[in-house]
Amino acid sequence: ARRGLGPTARIDDFIHRWALHDESQALLRSLQPSALQMVLRKFSPRDATRDVNPLFVKFASSVEHAHSESHRKAESRPPATDPLQEFIDHWGLQGEAADILRSLDPSQQQQVLEGFLPENDDVDSEFRSFVDSLTQPDPEHDHMPADHMPADHGRDEDVDGDVDSWRDGGVEGFIALWELRDEAASLLRGLASSVQDRIMDEFQPKDVTRDVNTTFCKFAKMIAKDSSREG
């Protein structure tokens, strides 16, 4: 088949080139797409001066059988368990976002699998923001006073003391303690003082060694919604 032709034109050109009879034409048009492409590319009898229809039927039938067997075996194999691919399929991540996920180190991938929960339909954008929170250091982190940084050794008495230290600085002290970025900080600042107090009193993430911004936003929105019902 010549290059530059559409699928139908390629088939017609092939039929004309090899002078295929009706039976051969019907067989050609009935082939699976993968088998059809193979036949169009590979069928090349040595003696083109003779009637090639018998050769064509044998060749096309053998190619179709081989492709059918290959497809059947592929379907019979149990699917490989790939948590990353399951995650990609579940959230419908597009090519670039999927590539970003696979480029992360294993610990970051695990954080994404466990912690990612988009809140709107733009899943790809939310995914990128979530990954950025894991991979990009906070520019203010290195300059933050030591007594405002979350402890890194679990939730013991020292951590409890640090968590309570926000009371000295109110909302801004709480924001500094948990290293809340703009979205989370703006969310907190925009709430009524009674709701702010409740959030700051009750917010206790399990793992204080990780970035808590996503967890905080979900928690704050839940409390704000709950408070609006009570009000």
Side-chain angles (χ1 to χ4, degrees), residues 1-136 210-211 214 218:
R2 294 195 297 263
R3 294 182 180 179
L5 298 177
T8 301
R10 288 184 63 196
I11 293 173
D12 292 340
D13 180 70
F14 185 90
I15 290 171
H16 177 73
R17 178 184 178 187
W18 298 113
L20 298 185
H21 298 162
D22 291 344
E23 179 188 356
S24 299
Q25 293 182 34
L27 173 59
L28 178 66
R29 297 182 189 279
S30 70
L31 298 175
Q32 301 176 56
S34 57
L36 174 62
Q37 294 303 316
M38 176 69 73
V39 169
L40 293 179
R41 288 199 309 269
K42 298 294 186 179
F43 182 67
S44 182
R46 293 180 180 179
D47 186 358
T49 63
R50 300 173 59 184
D51 180 5
V52 300
N53 281 272
L55 287 175
F56 171 80
V57 170
K58 291 180 181 179
F59 178 79
S61 298
S62 66
V63 171
E64 175 73 354
H65 178 73
H67 278 251
S68 297
E69 281 296 299
S70 176
H71 185 67
R72 182 186 63 79
K73 290 178 181 178
E75 287 187 334
S76 66
R77 288 195 298 267
T81 301
D82 182 354
L84 295 184
Q85 189 59 50
E86 290 179 359
F87 181 91
I88 290 167
D89 293 341
H90 178 75
W91 293 115
L93 298 183
Q94 301 305 308
E96 184 179 355
D99 291 342
I100 291 173
L101 175 61
R102 294 192 181 281
S103 71
L104 299 174
D105 64 49
S107 64
Q108 291 171 334
Q109 289 175 345
Q110 192 61 34
Q111 290 181 59
V112 172
L113 297 183
E114 294 177 353
F116 179 66
L117 186 62
E119 297 177 357
N120 58 55
D121 294 335
D122 192 356
V123 176
D124 276 21
S125 294
E126 286 209 40
F127 173 80
R128 288 184 175 86
S129 297
F130 186 86
V131 171
D132 285 345
S133 73
L134 301 178
T135 59
Q136 295 182 3
R210 291 183 177 182
D211 183 296
T214 301
K218 292 174 183 163

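Residue numbers start at 1 and run along the sequence shown.
Between the CG atom of Asp211 and the CG atom of Asp132 there is a distance of 11.0 Å, given to the nearest 0.5 Å. Rounded to the nearest 0.5 angstrom, Leu27 CG and Ser30 OG are separated by 5.0 Å. Atom CG of Leu104 sits about 9.0 Å away from atom CG of Leu84, to the nearest 0.5 Å. Here the CD-CZ distance, from Gln37 to Arg10, works out to 5.0 Å after rounding to the nearest 0.5 Å. Rounded to the nearest 0.5 angstrom, Phe127 CZ and Leu101 CG are separated by 4.5 Å. For the atom pair CE of Met38 and OG of Ser62, the computed distance is 10.0 Å after rounding to the nearest 0.5 Å.
Between Trp18 and Phe43, the ring planes lie perpendicular to each other; the angle is over 60°, past the 30° to 60° tilted range.
Under a 3.5 Å cut-off, the side chain of Gln25 and the backbone N or O of Ile15 do not form any donor-acceptor pair. Looking at Glu64, its side chain never comes within 3.5 Å of a backbone N or O of Leu31 through a donor-acceptor pair. The backbone N or O of Lys58 lies less than 3.5 Å from no partner atom in the side chain of Ser61, so there is not a single donor-acceptor pair. Although no hydrogens or angles enter the test, the distance criterion places no donor-acceptor pair under 3.5 Å between the side chain of Asp124 and the main chain of Leu93.
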Item to check | Derivation of the salt bridge (Lys or Arg N to Asp or Glu O under 4.0 Å) call for Arg17 and Asp12 | outcome: CA-CA 9 Å; Arg17 178 184 178 187; Asp12 292 340; over 6 Å; no
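A 4.5 Å side-chain heavy-atom check between Asp89 and Glu86 finds every atom pair outside the cut-off. Between Ile11 and Leu36, some side-chain heavy-atom pair lies under the 4.5 Å cut-off. Looking at heavy atoms from C-beta onward, Phe87 lies out of side-chain contact with Gln109 at the 4.5 angstrom threshold. Residues Phe14 and Val39 meet the side-chain proximity criterion, which asks for heavy atoms closer than 4.5 Å.
The stretch residues 101-112 participates, sequence neighbours left out, in these salt bridge (Lys or Arg N to Asp or Glu O under 4.0 Å) pairs: Asp82-Arg102.
Taking every heavy atom of both residues into account, Ile88 and Ala98 meet most closely at CD1-CB, 3.6 Å. Of all heavy-atom pairs spanning Phe130 and Val112, the tightest one is CE2-CA, 3.7 Å.
Taking Gln108 as the reference, nothing meets the side chain to side chain donor-acceptor pair (under 3.5 Å) condition, with sequence neighbours excluded.
With hydrogens and angles left out, the side-chain atoms of Ser24 and Asn53 include a donor and acceptor closer than 3.5 Å.
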